[in-house]
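Worth knowing before you read on, the calculation uses all heavy atoms, side chains too, and leaves out hydrogens, waters and symmetry mates. Numbered from 1 within each chain, the chains take letters A, B, ... in sequence-line order.
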There are 2 protein chains.
Amino acid sequence: MEKEITIYDIAKDLGVSPTTVSRALNNHPAVKEKTKMRIFEAALKMGYQSNVFAANLRSKKTHNIGVIVPRLNSSFQSSVIAGMEKVATDAGFNLIISQSLESYDKEIANVHTMFNSRVDGLLVSLAANTEKIDHFKPFMKKGTPVLFFDRIAECEDCTGVTIDNIQAAYKATNHLIEQGCKKIVHVLGNIKINVYADRLKGYKYALLDKGLAFEDALVIYSDLNEEAGEAIVKKIMALKPLPDGLFVSNDACAASCIRHLKLEGIKIPEDIAVVGFNNDVISRLIEPNITTVNYPGFEMGEVAMKNLINHLEGQTIGILTNTNKITLRSELIIRDSSKRKKEQ
Amino acid sequence: MEKEITIYDIAKDLGVSPTTVSRALNNHPAVKEKTKMRIFEAALKMGYQSNVFAANLRSKKTHNIGVIVPRLNSSFQSSVIAGMEKVATDAGFNLIISQSLESYDKEIANVHTMFNSRVDGLLVSLAANTEKIDHFKPFMKKGTPVLFFDRIAECEDCTGVTIDNIQAAYKATNHLIEQGCKKIVHVLGNIKINVYADRLKGYKYALLDKGLAFEDALVIYSDLNEEAGEAIVKKIMALKPLPDGLFVSNDACAASCIRHLKLEGIKIPEDIAVVGFNNDVISRLIEPNITTVNYPGFEMGEVAMKNLINHLEGQTIGILTNTNKITLRSELIIRDSSKRKKEQ
DNA sequence: AAATTTAATACAACCGATTTCATATTTTTA
DNA sequence: TAAAAATATGAAATCGGTTGTATTAAATTT
């Protein structure tokens, strides 16, 4: 309730103008070093706190960056956010975070809120059923950069940060083939999402290269949550003959599948070898440990944020507009759920 | 880059004053319904977007609420945040989220940032090694409400939302005793955190009530992460005779313990019955399913946010200042990891 | 119909920092 | 030492809403 200290108070106190105080506090070169010092000290002593809103109002910059993810409670997504937060905080930016909960409508609402909050930039991982990206148009129109990560949009003038999902899925599938699998089931999410579409491609390419036939019946669509295993396993058990490999596009779901396969008396990896995706905590806790693709979440967050901020600060004019895809390295981590041969 | 539409533009267009436009857009009762309609339509047609900063500058309200959690990638914490987000969004507030990563220093930095961002209120779950809460004083001094949840501060004039950890731990321990356990190990986190201190109490009280002796050797301190199981199990295996019950203050860690116990040839629940805490996804995926305490994260988020917002909107003046603890219900969910008797 | 009350709108100051342009001061050069 | 250049500081307009007070228009009462 006490009156706020403003640059005017400092100015009056020191007998200088508010202009000089403002410049000094922003470390403007046109203020004498000695004057700066006096102002810094006075500001500190008087308990001055800059009013962001006055600054934002005038400078039209908020130093806020919006982040929209499908869900916060995903170990992958929260690693990404942790990486983003680190870079943003170091650069003096705040993070405004919201989740779409995989809903297109909520995503639209979130984008709206972000627009009204006038974030300087937006980082987005798309919801499952987002097909159009018209809701980002106000940003494009205004010139506010929008950068997609992981779940990126197929759009000419959009920049995105991802891993090479095709390659990762190729490696995963190939690994199963090398372990002797001849009939591999692939479980994936909504094919509208680039991530799953690409992994399906990688799976197909690997089969093709090794001379195995692709069958529609071996592709199972699922929402990949931790309860999905039961339904998936039911479908698997209906296949004759039984498959001997399983590539699931998500560790939590892979874990659920393993659980239900074991309940059916299937031995992992002897009867069916399993590979997951994401390197979630759960992949290390479940019995057997799940072979999985390590997804560099933290790094992805860092890279995405760093690019956005560089662009905002005009350090790399054009990088974001010319590049339209940044691809990060991913790796297959081989664990017991797929390890059949000893010479691995 | 196009010029922004302001209330002045709308005012000029309709031949009214900016005041009226402002009031109409804020649904002020002193504006005729017909005029409001005209203004709304014009605003929509002209693509008007309110400038939050001008509004904030004058009204000294940001409609931003700060949230600081130890980690975002905890299924519990993210449920809490989901609950908060829902309530906040419905009430027209934004969420600014940051994580302390269990570091006191980072928490201080986060609180600082929140203060500078002039959030209208702050919701905090404390970092593990936070003992003093002096860093919140600027908020108190300014009259900005700070509300703790889950990891609350022991402080006279602080409000907090939690579950009854003593009772929850009592029930969990009691359940193990009822399953025939005579020697129960309790694994918990930093005792400075109220959550763990209270659970330890509940554990002790249950032992006491059932005439079992409390032994310091049966209490194991850990950081409760998913790798901690190995070290914990090593300690457990060193106990002679082996314990027959295990109460772990966190599901991920309980899962890790179960994994390593099984590697040692221990049968769950026959040799050692296990109870976890939180009802994390993992408790339902691990073999056997983990008996656990359901922690109403989403609800906790809702309740905390609702209280804060009510206070901000002056609807329940005094509720927050008079109440200094809100306790939510929790329940024990019994699953296979502890179920020895059939008549359960 | 005049007087009084109430409803609707307008004026103008204000929130606090930023920034353009002008001015004062100091330093360098001729 | 005067003139030119460089440096440091200040005055005032500006960003775009909000809000207390004044004013006008409409409704109600006498």
Side-chain angles (χ1 to χ4, degrees), chain A residues 1-40 42-43 46-64 92 115-118 120 142 144, chain B residues 1-40 42-43 46-64 92 94 115-118 120 142 313-314:
Chain A
M1 285 298 106
E2 310 167 24
K3 62 188 180 315
E4 298 261 346
I5 307 293
T6 71
I7 53 170
Y8 296 94
D9 298 321
I10 300 178
K12 206 186 291 170
D13 225 56
L14 295 179
V16 296
S17 79
T19 312
T20 305
V21 177
S22 170
R23 290 209 179 103
L25 293 173
N26 286 310
N27 212 25
H28 195 285
V31 177
K32 219 197 300 180
E33 210 53 44
K34 216 169 125 189
T35 318
K36 267 185 198 169
M37 280 307 158
R38 280 173 61 214
I39 292 174
F40 282 140
M46 298 172 74
Y48 168 78
Q49 188 203 356
S50 160
N51 186 318
V52 213
F53 304 114
N56 288 345
L57 174 57
R58 188 64 231 254
S59 66
K60 293 178 181 282
K61 295 235 169 73
T62 69
H63 275 225
N64 283 339
F115 190 73
N116 283 324
S117 307
R118 307 200 175 216
D120 288 348
K142 200 180 162 195
T144 304
Chain B
M1 285 298 107
E2 311 168 23
K3 62 188 181 314
E4 297 261 345
I5 305 293
T6 72
I7 53 169
Y8 296 93
D9 299 321
I10 300 178
K12 204 188 291 171
D13 225 56
L14 295 179
V16 297
S17 79
T19 314
T20 304
V21 176
S22 170
R23 294 214 173 102
L25 293 174
N26 285 309
N27 212 24
H28 195 287
V31 178
K32 217 199 298 181
E33 210 53 44
K34 215 169 128 192
T35 319
K36 269 186 199 169
M37 280 309 159
R38 280 174 60 215
I39 292 174
F40 282 140
M46 298 171 75
Y48 169 77
Q49 186 202 0
S50 160
N51 185 319
V52 213
F53 304 113
N56 288 346
L57 175 57
R58 185 64 226 252
S59 65
K60 293 177 180 280
K61 296 233 170 74
T62 68
H63 275 227
N64 283 340
N94 284 334
F115 190 73
N116 284 324
S117 307
R118 308 202 175 214
D120 288 348
K142 200 180 162 195
E313 295 184 335

Under 3.5 Å donor-acceptor, Ser22(B) side chain and Pro18(B) backbone:
no
Give the table of side-chain donor-acceptor pairs shorter than 3.5 Å for residues 29-40 of chain A, with sequence neighbours excluded, one pair per line with atom names and distance.
residue, atom, partner, partner atom, Å
Lys36(A), NZ, Asn27(A), OD1, 3.3
Lys36(A), NZ, His28(A), O, 3.2
Arg38(A), NH2, Leu14(A), O, 3.1

Nucleotide by nucleotide, nucleotides 17-22 of chain D touches protein heavy atoms under 4.0 Å in the pattern (B base, S sugar-phosphate only, - none) BBBBB-
In chain order, what residues pass the side chain to side chain donor-acceptor pair (under 3.5 Å) check against Thr62(B), with sequence neighbours excluded?
Asp120(B)
Every protein N/O lying under 3.5 Å from an N/O of nucleotides 22-27 of chain C:
none

Angle of first-five versus last-five pair axes in the helix from dA1(C)-dT30(D) to dA30(C)-dT1(D), to 10 degrees
40°
Below 4.0 angstrom from OP1 or OP2 of dG16(C), is there any side-chain N or O of Lys60(B)?
yes
Can you measure from CE (Met46(A)) to CG (Asp13(A)) and round to the nearest 0.5 angstrom?
4.0 Å
Expressed as a whole number of angstroms, how long is the span from Glu33(A):CD to dT9(D):P?
11 Å
If I take atom CG in residue Leu57(A) and atom P in nucleotide dT18(C), what distance separates them, rounded to the nearest angstrom?
11 Å
Listed partners of Asn116(B) passing side chain to side chain donor-acceptor pair (under 3.5 Å), at least two apart
Gln49(A)
How close or far is atom C1' of dA8(D) from atom NZ of Lys36(A), stated in whole angstroms?
12 Å
So, using side chain to side chain donor-acceptor pair (under 3.5 Å) as the criterion, who are the partners of Ser117(B) when residues are at least two apart?
Asn94(A)
Look at all strands and tell whether Val21(B) reaches a base, only sugar-phosphate, or nothing, counting heavy atoms closer than 4.0 Å.
nothing
Using whole Å, what does the distance between atom C1' of nucleotide dA25(D) and atom NZ of Lys32(B) come to?
9 Å
Looking at residues at least two apart in the chain, or sitting in another chain, which of them share a salt bridge (charged side-chain N to carboxylate O under 4.0 Å, His left out) with Arg118(B)?
Glu4(A)
What is the distance, rounded to the nearest whole Å, between atom NE2 of His28(B) and atom P of dA7(C)?
13 Å
At 4.0 Å (heavy atoms only), tell me whether Val16(A) reaches a base, stays on the sugar-phosphate, or touches nothing.
sugar-phosphate
Starting from P on dA25(D), measure out to NZ on Lys34(B) and report it in whole angstrom.
16 Å
Check side-chain contact (heavy atoms from CB on, under 4.5 Å) between Ala54(A) and all other residues, then give those that pass, not counting sequence neighbours.
Asn51(A), Leu57(B)
What pairs with Ala43(B) under side-chain contact (heavy atoms from CB on, under 4.5 Å), at least two apart in sequence or on another chain?
Ile10(B), Leu25(B), Tyr48(B)
Taking OP1 and OP2 of dG10(D), is either one under 4.0 Å from a side-chain nitrogen or oxygen of Ser17(A)?
yes
Output all residues satisfying side chain to side chain donor-acceptor pair (under 3.5 Å) with Ser17(B), sequence neighbours left out; order by chain, then residue number.
Thr20(B)
Can you tell me the distance, in whole Å, between the CG atom of Asn116(A) and the C1' atom of dG16(D)?
15 Å
Interatomic distance, Asp9(B) CG vs dG16(D) P [rounded to whole Å]:
9 Å
Can you sort out the partners of Phe115(A) under ring-ring contact (aromatic ring centres under 6.0 Å, His included), two or more places apart, ordered by chain and number?
Phe139(A)
What distance separates Asn64(B) CG from Asn56(B) CG, expressed to the nearest 0.5 Å?
7.0 Å
